[in-house]
Amino acid sequence: MAEPEFERAKRSTKWNSRLSWIWTEYSVIIAFLILFVVSSILSPRFLEFSNLMNILMQVSIIGVIALGMTMIMLSGGIDLSVGSVLALVGVFSVIALNASGSIFIAIITALAVGAFTGFLNGFMVAKLKIAAFIATLGMMAAARSIALYTSDGGSISGEVEGFSAISNSSIGAVQSPIFIFGLMAVLVFILLHQTRFGRYVYAIGSNEKGALLSGIRVDRIKMAVYTLAGMLVSVAAIIETSRLNSISSSSSGQLYELDAIAAVIIGGTRMTGGRGKVVGTLFGVLILGILNNMMNLMNVSPYLQGFVTGLVIIIAVVFQKRE
Amino acid sequence: MSSFLSMKNISKSFNHVPVLKNVSINVEHGEIHALLGENGAGKSTLMNILGGVHQPDEGAIVLNGQTVEMTTPRTSQSYGISFIHQELNVISDLRVYENLFLGNELKNRFGFVKVEEMCDKTSDILAELGVDIHPKTYVRHLDTSYKQMLEIAKALLHNSRLIIMDEPTTALAEHEVHRLFALMKNLKQTGVSIIYISHKLKEIQEVCDTYTVLRDGHVVGSNRMKDENLDEITKLMVGKSVSEDRLTESHSFGPVALEVKHLTSEGFFKDINFTVRKGEIVGFTGLAGDGRTELFESLFGFRKKYNGQIKIFAQDVNINHPKQALKAGMGLVPKDRKENAIIKDLNVIQNMSLSSLAHFEKAGLIKGRAEREKFNFYEQKLNIKVPNPKTTIDKLSGGNQQKVVIAKWLEVNADIIIFDNPTQGIDVGARREIYQHIVALADKGKAVIILSSEASEIRKVCHTIHVMYQGEVTAQFAGEEATDDEIMSYATGSKRGR
Ligand SMILES: Nc1ncnc2c1ncn2[C@@H]1O[C@H](COP(=O)(O)OP(=O)(O)OP(=O)(O)O)[C@@H](O)[C@H]1O
Ligand SMILES: [Mg+2]
């Protein structure tokens with residue numbers, strides 16, 4: 001028995017509310033556009049096709065990891081172990097590659113190791129009720145240690161022809177890591193925004209008790225989230241390993257967790273879960289990529305890049321708080 | 001001529017939807033003023049403006065003859081205004097006394113908090129409210145009714161000049177409400193003013209001196225309370241009078257749907273036995289601490305530590321998770337929607353569909369259109385007032401949020417459905433409609449269980465009523481033969497065994 005006046009107001013406000021909605025939902029896109037325009041003014045080389053492809057190429061590995069991180073952070077968790085796990089996956093998959101001579105087996109090994117470490121993270125968080133920060137901090141140390149141990153602290157190179165083709169080929173003008181990143185982004189987008197699983201992830205991050213009382217298997221969903229995120233780290237590890245046809249147990253993946261978490265937060269996903277979007281993370285990744293690229297183009301010391309990343313995270317969080 | 005508080009010509013819009021239009025309200029010293037109106041009329045919004053939570057677009061607040069600006073909740077507090085919000089705001093991980101003194105801790109001159117003194121004061125105020133809980137208990141372990149009493153105690157603690165009570169009694173039984181009223185009458189004697197929002201008109205009649213009725217953001221009536229005009233007020237609120245007749249006819253029931261034998265959980269409930277048949281509506285009532293909510297949370301698989309036997313359609317079941325309960329054909333509409341039912345970051349439609357997403361899937365993907373159409377169906381059926389169903393659910397008024405929760409569980413279509421305090425926050429008109437829907441479920445052969453603190457209310461719908469006291473069923477009545485007084489004497493433990 002809604003009053004006519006109410007109905008009228010309802011219609012006339014649609015447009016206005018849509019504008020403010022775009023601003024709150026997509027402020028990261030606006031930030032991206034501003035950065036993009038400023039960059040193209042500051043450096044004429046920025047807009048060159050090869051440079052733009054270069055940026056995409058640079059962000060593809062962090063991008064794939066950040067997709068998994070988005071799922072985890074939406075569920076109210078965090079994963080600090082992604083960089084170490086990337087090294088561990090890389091080491092195991094190259095060993096499997098060299099031992100079997102089969103690229104297929106290398107990929108299966110990578111996915112299995114990533115899934116297993118992810119599952120362990122999920123198990124610690126969901127079943128043992130360890131805070132995600134602590135559980136994955138432990139995994140971060142442990143995974144790096146196993147990687148170092150297995151490869152005696154050094155690098156291992158692939159000895160099978162064709163492995164490096166995974167990252168070093170192109171489909172048309174698009175290099176395959178970019179293509180893989182795009183594919184993963186589409187898959188995660190569909191998973192989070194159009195499936196039951198995705199809806200449950202949001203619900204758990206927003207109100208865990210409410211989700212449980214709605215009949216959601218909270219523990220299982222959480223374990224699945226960490227496992228899937230681990231498999232995305234596997235994908236990133238394959239790209240990384242194949243690109244140089246080698247993996248370093250000590251330096252590969254260092255600080256990747258920082259960049260991945262930064263991209264997710266810049267993309268507008270809330271630290272405590274329940275709110276955020278895959279598209280936001282994509283733009284977060286791109287913003288970081290453009291910043292790094294611009295610093296290279298303008299000859300800023302690479303040592304300062306961490307400073308800028310740090311600054312941008314803090315600014316992003318301040319904006320989130322204001323909301 | 002000047003009142004203690006005048007809110008003058010207040011207007012407020014959210015996203016250009018006008019919610020309050022030129023609303024004025026006057027409250028005198030030592031007056032209990034009822035603020036009435038149907039769900040979504042703007043009551044909470046008006047009080048949020050007074051409490052400094054929202055800023056008005058137009059209008060002024062005059063307190064003791066001075067125009068004041070309530071820029072933050074703190075400012076409002078500093079003018080001597082306490083606010084009991086519609087949704088519970090207690091912090092589960094703090095102790096009872098810590099919650100009461102949150103932000104106003106008593107400190108000695110070295111800046112250390114005076115724990116014992118705070119505990120003593122807490123005990124005093126809880127005793128006045130007739131609540132028997134230890135000040136150092138963690139709030140997490142308390143039932144909703146107790147949490148609601150904590151909210152009340154918190155507001156009483158501050159020696160305020162004006163207390164805003166936005167539906168403070170939704171989880172309380174009449175007995176407990178009377179204790180609160182006695183306190184309110186005492187406060188009134190000392191000159192404290194109270195603005196009281198409730199959908200329970202009997203309460204209003206008992207304790208309020210004056211009233212203002214809002215309808216769709218306008219003031220449609222304001223007067224002194226007289227005994228005979230309850231029906232008038234109802235008409236002002238919802239545009240029609242509401243019948244008080246019994247809703248359920250007794251008829252024959254189907255086979256037993258749920259059978260519970262010797263169910264016991266240490267510290268919560270003891271040796272519970274009952275059956276519910278298809279088509280039957282069974283009620284459970286009692287005071288805070290009676291264990292009924294814990295009992296049904298256990299049946300639903302949310303609590304795991306209990307002994308006893310549960311049979312669903314004559315099959316022994318062992319339910320350890322709400323999902324298993326759903327699969328076995330059981331649904332539970334929980335109480336305390338903010339904590340247990342509302343997913344505040346999901347939009348209104350998504351809240352409705354959360355427990356039945358399988359209904360909206362095709363090839364593994366959720367069809368947004370199907371969800372939306374289903375929501376439109378419930379929007380009409382339950383008369384849910386939603387400016388925009390794509391906004392997050394916390395933008396709806398309390399009563400409308402509750403209707404979405406009910407829609408969510410109607411959509412699940414369980415064979416055995418448990419409603420825990422289903423009408424919390426729902427207005428007089430809609431309340432009867434909700435009960436009609438519940439009766440219709442039973443007529444369709446569902447087994448229905450209603451938990452409520454309001455015996456007088458569920459008496460109208462239940463075929464059988466169980467009264468609980470401190471974890472035990474102390475009496476059982478057929479719905480038609482129960483009287484409020486008799487139910488009350490078993491609920492308070494002054495009569496036992498039947
Ligand atoms: N923060 C907000 N953003 C947008 N709309 C809002 C917001 N708060 C309230 N509204 C809208 O304002 C209207 C009035 O809501 P309000 O909560 O004041 O109602 P109420 O009279 O308290 O109802 P109830 O009895 O259900 O609690 C509703 O239509 C609601 O959707
Ligand atoms: Mg309200």
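Numbered from 1 within each chain, the chains take letters A, B, ... in sequence-line order.
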Side chain, backbone, both or neither: which part of [X] has a heavy atom under 4.5 Å from chain A?
X	value
Lys338(B)	backbone
Thr391(B)	neither
Phe360(B)	neither
Gln350(B)	both
Ala358(B)	both
Ser13(B)	neither

For residues [X] and [Y], report the shortest heavy-atom separation together with the two atoms involved.
X	Y	value
Gly364(B)	Thr195(A)	O-CG2, 3.9 Å
Asp345(B)	Ser206(A)	OD2-OG, 2.9 Å
Leu346(B)	Tyr202(A)	CD2-CB, 3.8 Å

CZ (Arg196(A)) and OG (Ser353(B)) are apart, to the nearest 0.5 Å, by 11.0 Å
| field | Contact class of Tyr200(A) relative to chain B, heavy atoms under 4.5 angstrom | value |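 It is the side chain, since no backbone atom gets that close.
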Tell me if a side-chain donor or acceptor on Ser355(B) pairs with a main-chain N or O of Ser214(A) at a distance below 3.5 Å. yes
The side chain to side chain contact (heavy atoms under 4.5 Å, CB included) partner of Ile343(B) among Ile204(A), Asn207(A), Ile216(A) is Asn207(A)
(Q) So, using salt bridge (charged side-chain N to carboxylate O under 4.0 Å, His left out) as the criterion, who are the partners of Lys305(B) when residues are at least two apart? (A)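 Scan of Lys305(B) (salt bridge (charged side-chain N to carboxylate O under 4.0 Å, His left out), adjacent residues dropped) gives none.
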